[in-house]
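Nothing here was measured: the structure is a model prediction, and the numbers come from that model. Below, all heavy atoms of this structure are taken into account, side chains as well, without hydrogens, waters or symmetry copies.
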Amino acid sequence: SSSAASDVYKRQEQPYRNEERITVRLIARDTVWNIVDFSWNFSVDGKPPEYVNQSPTGFIKNPLPRIAVTITDEHGVVPTSIKLYVKGYRVISEREKIANGFRVSYQTEYPFQDQEIINVRILANDTAHNTLGYSWDFSVATVPFDTGSGTYPSVSLSLIHISEPTRPY
């Protein structure tokens, strides 16, 4: 008894478009005319995971914030690829499984300094190895800004004069 195997290749001249659905059909016969007819589908995924609901952002008063971001991908996010960095250091984050992704969070262990700018970076891959790399900043403002004179600025407005708009004649 002998067997022969053949590999079949097709080279695509133009790249497939993102989200394009491709159908492959294979029809083959052996030496005694047994026929196999098999087809399968796949689609191209060229988009990285998406991020939403990153927090905190802007100025915050709490020097011990929970840092969090949601990452999703319609084809799935690889949990072992998720990496969260705070101030350039990789931290051990919590991952809560949600539909099509994860809510990634980290509870700050040590308080951030007042007026400090904190950079957060998230990295993650989807199941097609597309990589999300996103970062954002927030700042801690637990004490009002000191002008150096020992006083804190206050803002007040006085309305001194109201004039009617001029009209060209």
Side-chain angles (χ1 to χ4, degrees), residues 3 5-30 34-145 155:
S3 66
S6 298
D7 293 329
V8 179
Y9 299 96
K10 181 186 184 303
R11 178 180 287 234
Q12 179 69 16
E13 296 300 322
Q14 296 294 321
Y16 292 111
R17 292 182 312 275
N18 193 42
E19 301 300 323
E20 182 177 0
R21 185 176 171 89
I22 294 97
T23 300
V24 178
R25 183 175 183 197
L26 173 68
I27 304 172
R29 70 171 174 83
D30 61 16
N34 294 311
I35 295 176
V36 65
D37 186 346
F38 183 74
S39 62
W40 66 95
N41 299 308
F42 66 93
S43 62
V44 176
D45 178 5
K47 295 186 327 185
E50 297 179 345
Y51 63 90
V52 294
N53 301 327
Q54 62 274 24
S55 67
T57 59
F59 289 94
I60 64 168
K61 293 181 179 181
N62 179 5
L64 290 165
R66 174 170 286 280
I67 297 169
V69 61
T70 299
I71 51 174
T72 59
D73 188 276
E74 66 179 299
H75 302 290
V77 176
V78 178
T80 56
S81 73
I82 299 170
K83 295 173 181 64
L84 186 68
Y85 295 84
V86 177
K87 295 175 53 175
Y89 296 98
R90 186 170 172 193
V91 296
I92 306 296
S93 60
E94 297 175 22
R95 297 178 199 127
E96 176 189 350
K97 180 75 176 117
I98 60 170
N100 296 325
F102 293 88
R103 179 73 175 159
V104 181
S105 63
Y106 168 71
Q107 178 57 58
T108 308
E109 297 177 41
Y110 302 100
F112 294 120
Q113 299 297 312
D114 189 52
Q115 305 301 320
E116 185 175 7
I117 298 172
I118 293 87
N119 177 262
V120 180
R121 181 167 176 78
I122 184 79
L123 298 173
N125 293 336
D126 65 12
T127 56
H129 304 289
N130 299 304
T131 300
L132 163 69
Y134 171 70
S135 65
W136 77 94
D137 297 324
F138 66 92
S139 297
V140 176
T142 58
V143 179
F145 177 71
V155 177

Would you compute the distance between atom [atom1] of [X] and atom [atom2] of [Y] and round it to the nearest 0.5 angstrom?
{"X": "Arg95", "Y": "Ile82", "atom1": "CZ", "atom2": "CD1", "value": "5.0 Å"}
{"X": "Thr70", "Y": "Glu96", "atom1": "OG1", "atom2": "CD", "value": "8.5 Å"}
{"X": "Ile118", "Y": "Ser139", "atom1": "CD1", "atom2": "OG", "value": "6.0 Å"}

Report yes or no: does [X] contribute a side-chain atom to a donor-acceptor pair with the main-chain N or O of [Y] at less than 3.5 Å?
{"X": "Asp126", "Y": "Gly76", "answer": "no"}
{"X": "Thr72", "Y": "Gly101", "answer": "no"}
{"X": "Ser81", "Y": "Ala124", "answer": "no"}

Taking C-beta and beyond as the side chain, do [X] and [Y] meet within less than 4.5 Å on heavy atoms?
{"X": "Glu74", "Y": "Lys47", "value": "yes"}
{"X": "Val120", "Y": "Asp137", "value": "no"}
{"X": "Tyr106", "Y": "Tyr85", "value": "no"}
{"X": "Ile71", "Y": "Val104", "value": "yes"}
{"X": "Asn125", "Y": "Val77", "value": "no"}
{"X": "Ile22", "Y": "Asn41", "value": "no"}
{"X": "Val36", "Y": "Ile27", "value": "no"}
{"X": "Asn100", "Y": "Asp73", "value": "no"}

*Can you name the salt bridge (Lys or Arg N to Asp or Glu O under 4.0 Å) partners of Lys87, sequence neighbours left out?*
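So Lys87 forms a salt bridge (Lys or Arg N to Asp or Glu O under 4.0 Å) with Glu116.
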
*Who are the salt bridge (Lys or Arg N to Asp or Glu O under 4.0 Å) partners of Arg25, not counting sequence neighbours?*
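Asp37.
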
*Check the pair Arg66, Glu94 against side chain to side chain contact (heavy atoms under 4.5 Å, CB included), reporting the backbone distance first and the verdict last.*
CA-CA 11 Å; Arg66 174 170 286 280; Glu94 297 175 22; 3.8 Å; yes

*Is it true that atom CD of Gln107 has more than 12 heavy atoms of other residues, nucleotides or ligands lying nearer than 6.0 Å?*
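Yes, CD of Gln107 has more than 12 neighbouring heavy atoms, counting only those of other groups under 6.0 Å.
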
_CD1 (Ile92) with more than 12 external heavy atoms under 6.0 Å_ =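 Counting other residues, nucleotides and ligands, CD1 of Ile92 stays at 12 neighbours or fewer.
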
Extract all donor-acceptor atom pairs below 3.5 Å that involve side chains of residues 50-64 and protein atoms in other chains or at least two apart in sequence.
| from | atom 1 | to | atom 2 | distance (Å) |
| --- | --- | --- | --- | --- |
| Gln54 | NE2 | Tyr134 | OH | 2.9 |
| Asn62 | OD1 | Leu64 | N | 2.8 |
| Asn62 | ND2 | Leu64 | O | 3.4 |

*Hey, would you say the Trp136 and Phe138 ring centroids sit under 6.0 Å apart?*
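Not close enough - the centres of the two rings lie 6.0 Å or further apart.
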
*Kindly indicate, with the supporting measurements, whether the criterion side chain to side chain contact (heavy atoms under 4.5 Å, CB included) is fulfilled by Leu132 and Leu123.*
CA-CA 5 Å; Leu132 163 69; Leu123 298 173; over 6 Å; no

*asked:* Ignoring hydrogens, what is the shortest heavy-atom contact between Pro48 and Thr131? Give both atom names and the distance.
replied: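 Shortest heavy-atom separation between Pro48 and Thr131 comes out as CB-O, 3.3 Å.
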
